[in-house]
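Note that the numbering runs from 1 along the sequence shown for the chain. Because the structure is predicted, anything quoted here is derived from the model rather than measured.
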Amino acid sequence: MSLRQCNAVTNGDTEDTNSSEDDVTANGGYPPSPWTKEEIYDLMAKRSRILKYSYAGRDVHIKEANIGITEEVGTKVWHAGEAFCEFIQSRRLLFEDKKVIEVGAGTGLVGIVASLMGADVTLTDLKSILPNMEENVRVNTEGCKHRPKVSELEWGRDLHRYTDCNYDYVIGTDVVYEEHMFRSLVVTLKHLCDVKTRVLLCHHVRWPEKDKKFMALFTEDFTIVNQRKLPKQDLTVYLFEAKLRETH
C-alpha cells in the first residue's frame, strides 16, 4: 500500500485515489484549493497592510484594513492625509499644546502626527472605523505629551457629547465626498467651534462641481481666512483655514 493510500485509510477517507490524482492534474499540478472562488475573493478584499512613515524623528506604522473593499474609505490612507501630515510637521509650534479634534479620522494618521507634534488630540469617526484606528493610535503614540483620545462621532448625531470643549482646531482630511452628508458635516463643524476655533480642511480635488456645492454650504456659516495648495506629487491638494462667521 502506498503512503497516500495509507493516509487515506487512516483518515477514514474512502475517496478513490485515482480520482484525486485526476483533480491534481486538472488543477495544473497543484492540490485542490480548500477555498471556493468566492471565499478567495472575500479574503483578498479583507486583507490588510502596514504603511511606514517617519514623523518627528519617529517611525509611524499605519495599518490599512479591508483594502480590497472600495466602499471602506475609512480604513485607508489618502494622499491628502499624507500632505496634511507634512504640513503639520512643518508647523509644529502651531499645534503644540493646542486642543484638536479630528472629524473623519479614518486610520488615525493625521491625528497621530498632530499628537506627535504635542497637540492634545481627540480622533473621531464612525463606530465601525474605531477598532483599526485605536490600534494605530496605541502603536504609534506612546510617550506623547498629551495622550490622544479616540471617540465615536457620527456627523449630525449626538453632538451634545461634544459640548463646551473649547477646541483650538477642528481638522478634517478628505471628508468632502458624500454629497448627502454635506449638511451634517457643516452642522457638526459648527457645533465643535467657538469664536476662537479654526477649522482646517485638507482636500484632494476630484469632483470640482461637488466641491463647489460643499463650499457654498460651508461658507454660509464659515469665513475662509486662508487657503494654500499643498505639495503632493501631481495631485491638487488644498488646505482651507476657516472660522465661524461673526453674528451681530
Side-chain angles (χ1 to χ4, degrees), residues 51 53-62 77-125 133 136-137 140-151 153 162 164-176 185-186 188-205 211 214-215 218-219 221-233 235-246:
L51 302 181
Y53 301 91
S54 180
Y55 295 105
R58 293 176 55 162
D59 291 332
V60 175
H61 298 84
I62 298 296
V77 174
W78 299 94
H79 292 307
E82 295 170 334
F84 199 2
C85 288
E86 295 293 339
F87 172 83
I88 292 173
Q89 181 168 243
S90 68
R91 304 292 196 281
R92 180 171 191 145
L93 294 179
L94 192 67
F95 292 92
E96 189 169 6
D97 293 324
K98 295 297 190 293
K99 196 168 184 180
V100 177
I101 186 167
E102 182 178 10
V103 297
T107 62
L109 174 62
V110 175
I112 287 168
V113 172
S115 184
L116 294 177
M117 297 302 137
D120 181 2
V121 183
T122 299
L123 301 91
T124 71
D125 213 313
M133 185 199 303
N136 286 331
V137 169
N140 292 291
T141 58
E142 183 177 353
C144 282
K145 187 174 184 179
H146 302 281
R147 184 171 181 171
K149 298 168 282 294
V150 173
S151 183
L153 175 58
Y162 299 88
D164 300 325
C165 294
N166 301 312
Y167 295 112
D168 295 294
Y169 292 102
V170 179
I171 63 176
T173 305
D174 267 346
V175 292
V176 179
L185 174 56
V186 172
T188 300
L189 294 173
K190 186 177 180 181
H191 178 84
L192 295 172
C193 291
D194 58 29
V195 293
K196 70 176 181 61
T197 307
R198 292 299 172 100
V199 176
L200 298 176
L201 296 180
C202 190
H203 181 61
H204 173 200
V205 178
D211 297 343
F214 172 78
M215 292 305 293
F218 180 69
T219 52
D221 295 301
F222 290 90
T223 299
I224 305 294
V225 297
N226 195 4
Q227 72 178 63
R228 68 188 77 207
K229 186 176 180 179
L230 299 184
K232 186 60 184 175
Q233 301 170 354
L235 304 178
T236 304
V237 178
Y238 282 98
L239 178 64
F240 297 92
E241 181 179 353
K243 64 178 183 178
L244 278 175
R245 282 191 176 276
E246 297 180 3

Query raised in the report: Going from CG on Asn166 to SG on Cys193, what distance comes out if it is rounded to the nearest 0.5 angstrom?
Result: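 Reported to 0.5 Å precision, the distance equals 11.5 Å.
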
Query raised in the report: Between atom OG1 of Thr188 and atom NZ of Lys190, what is the distance when rounded to the nearest 0.5 Å?
Result: 12.0 Å

Report task. Could you pull out all residues at least two apart from Tyr238 that satisfy side-chain hydrogen bond (donor to acceptor under 3.5 Å, both in side chains)? Result -> none

**Report entry** Contacts of Thr141 that satisfy side-chain hydrogen bond (donor to acceptor under 3.5 Å, both in side chains) - sequence neighbours left out
**Finding:** none

Side chain proximity check, [X] to [Y], heavy atoms < 4.5 angstrom:
X: Thr122; Y: Leu153; result: no
X: Phe214; Y: Val175; result: no
X: Glu86; Y: Leu230; result: no
X: Cys165; Y: Leu192; result: no
X: Thr173; Y: Trp78; result: no
X: His146; Y: Lys99; result: no
X: Val195; Y: Leu244; result: no

Requested in this report: Would you please name every residue forming a side chain to side chain contact (heavy atoms under 4.5 Å, CB included) with Glu241, sequence neighbours left out?
Outcome: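 Arg198, Leu200, Val225, Asn226.
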
Report task. Check the pair Asn140, Tyr55 against side-chain contact (heavy atoms from CB on, under 4.5 Å), reporting the backbone distance first and the verdict last. Result -> CA-CA 11 Å; Asn140 292 291; Tyr55 295 105; over 6 Å; no

Report task. Answer yes if the side chains of Tyr162 and Thr124 hold a donor-acceptor pair under 3.5 Å, and no otherwise. Result -> no

Report task. Examine the side chains of Asp174 and His79 and answer whether a donor and an acceptor come within less than 3.5 Å of each other. Result -> no

Report task. Take Lys98 and Tyr167, measure what side-chain contact (heavy atoms from CB on, under 4.5 Å) needs, and give me the verdict at the end. Result -> CA-CA 8 Å; Lys98 295 297 190 293; Tyr167 295 112; over 6 Å; no

Query raised in the report: Near Lys243 NZ, under 6.0 Å, is it more than 12 heavy atoms from other residues, nucleotides or ligands?
Result: no

Query raised in the report: So does Arg147 have more than 12 non-hydrogen atoms from other groups sitting under 6.0 Å from CZ?
Result: no

Query raised in the report: Using 4.0 Å as the upper bound for N to carboxylate O, is an ion pair formed by Asp120 and Lys149?
Result: yes

Query raised in the report: Can you check whether Tyr169's main-chain N or O pairs, donor with acceptor, with Thr197's side chain at less than 3.5 Å?
Result: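 Between the backbone of Tyr169 and the side chain of Thr197 there is no qualifying donor-acceptor contact (under 3.5 Å).
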
Query raised in the report: Phe84 vs Phe87 aromatic rings, parallel, tilted or perpendicular, using cut-offs 30° and 60°?
Result: tilted

Query raised in the report: When you look at Gln89 and Met117, which way does the side-chain contact (heavy atoms from CB on, under 4.5 Å) test go after all the steps?
Result: CA-CA 7 Å; Gln89 181 168 243; Met117 297 302 137; 4.0 Å; yes

